[in-house]
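Report on the following structure.
As the structure is a prediction and not an experimental result, all values here were calculated from the model. Whatever order the structure lists ligands and atoms in, that order sets their numbers, starting from 1.
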Amino acid sequence: VAQVAAPRVQIYSASSVDGYLAPPDGSLEWLEVVDDAADFGFDDFYSHVGTAICGRTTFDQVTGFGRWPYDNTPVVVLTTHEPPADYPANVTFDDGSDLTALTQRLRETAGERNVWLLGGAKVHQQFLAAGLVDEIWTHVLPILLGDGIRLLPPPYDRRPVRLIESRTYENGAVMGRYSLT
Ligand SMILES: NC(=O)c1ccc[n+]([C@@H]2O[C@H](COP(=O)([O-])OP(=O)(O)OC[C@H]3O[C@@H](n4cnc5c(N)ncnc54)[C@H](OP(=O)(O)O)[C@@H]3O)[C@@H](O)[C@H]2O)c1
């Protein structure tokens, strides 16, 4: 993995060839188009994550599966609603009223590591529009969904980005890592 000075604010996601991160109902079965065992270097990426930001929809979906996979990482969940009665120890909630201040605080928390924008699409859009994203890692999986939730929905400004790393996988997935800053 190319080394770039941390902390970097990073989108790291899977999408369809037609640019969706989920079908219209938000379900996850489509990810099975690639072998479950394919981890796309996630463990290495995650070992460089100091803290993460997650939208309430994605948080509710993941916790709904009964197991929170990010116990060792402080995760801030953006929400305008009350937290659930029970939630993982390392999770905090933020009303999202000042994403720039939140990002600055999390950069300091992350220290030598990075800030992962865990998703979903609404989080991607707001951080892009606010100019707070340093990197986008897209893993394009070999499937057309035809419709769904866009990976990087508008609006945000047009801008060139720089490819800093790419990988292809035998299962047909392609990873592109782009720097925005
Ligand atoms: N393919 C991938 O790699 C990947 C990764 C992550 C997620 N996903 C998918 O993405 C889908 C969910 O994405 P989504 O765009 O619908 O939802 P999302 O971004 O996960 O969550 C959106 C919710 O987060 C809260 N929120 C977001 N920004 C906020 C802000 N600035 N201030 C306060 N609250 C804020 C709001 O909840 P309140 O209603 O509480 O205000 C909002 O409705 C799921 O289907 C999930 O599976 C895919």
For ligand 1, which atoms, with element, lie under 4.0 Å from some heavy atom of Gly55? 18 (P), 20 (O), 21 (O), 24 (O)
Enumerated ligand 1 atoms positioned under 4.0 Å from heavy atoms of Ala14: 1 (N), 2 (C), 3 (O)
Counting only nitrogen or oxygen atoms and a 3.5 angstrom limit, does Gly120 reach ligand 1? yes
Quick check on contacts: which atoms of ligand 1 are under 4.0 angstrom from a heavy atom of Ala22? 45 (O)
Please list, in number order, the atoms of ligand 1 under 4.0 Å from a heavy atom of Ser13. 3 (O)
Test side chain to side chain contact (heavy atoms under 4.5 Å, CB included) applied to Thr80 and Arg56, step by step: CA-CA 9 Å; Thr80 58; Arg56 180 69 181 264; over 6 Å; no
Would you find more than 12 non-hydrogen atoms of other residues, nucleotides or ligands less than 6.0 Å from Tyr87 atom OH? no
Would you give the length of the straight line joining atom CG of Leu78 to atom CD of Gln126, rounded to the nearest 0.5 angstrom? 7.0 Å
Relative to each other, are the rings of Tyr12 and Trp116 parallel, tilted or perpendicular (30° and 60° limits)? perpendicular
Show, in sequence, the C-alpha distance, side-chain angles and deciding distance for Arg105 and Asp98, and conclude whether the salt bridge (Lys or Arg N to Asp or Glu O under 4.0 Å) test is met. CA-CA 11 Å; Arg105 181 162 62 78; Asp98 190 343; over 6 Å; no
Who gets closest to atom 32 (N) of ligand 1 by heavy atom: Leu78, Asp95, Val77? Asp95
Could you check which of Gln126, Gln125, Arg56, His124 puts a non-hydrogen atom nearest to atom 27 (C) of ligand 1? Gln126
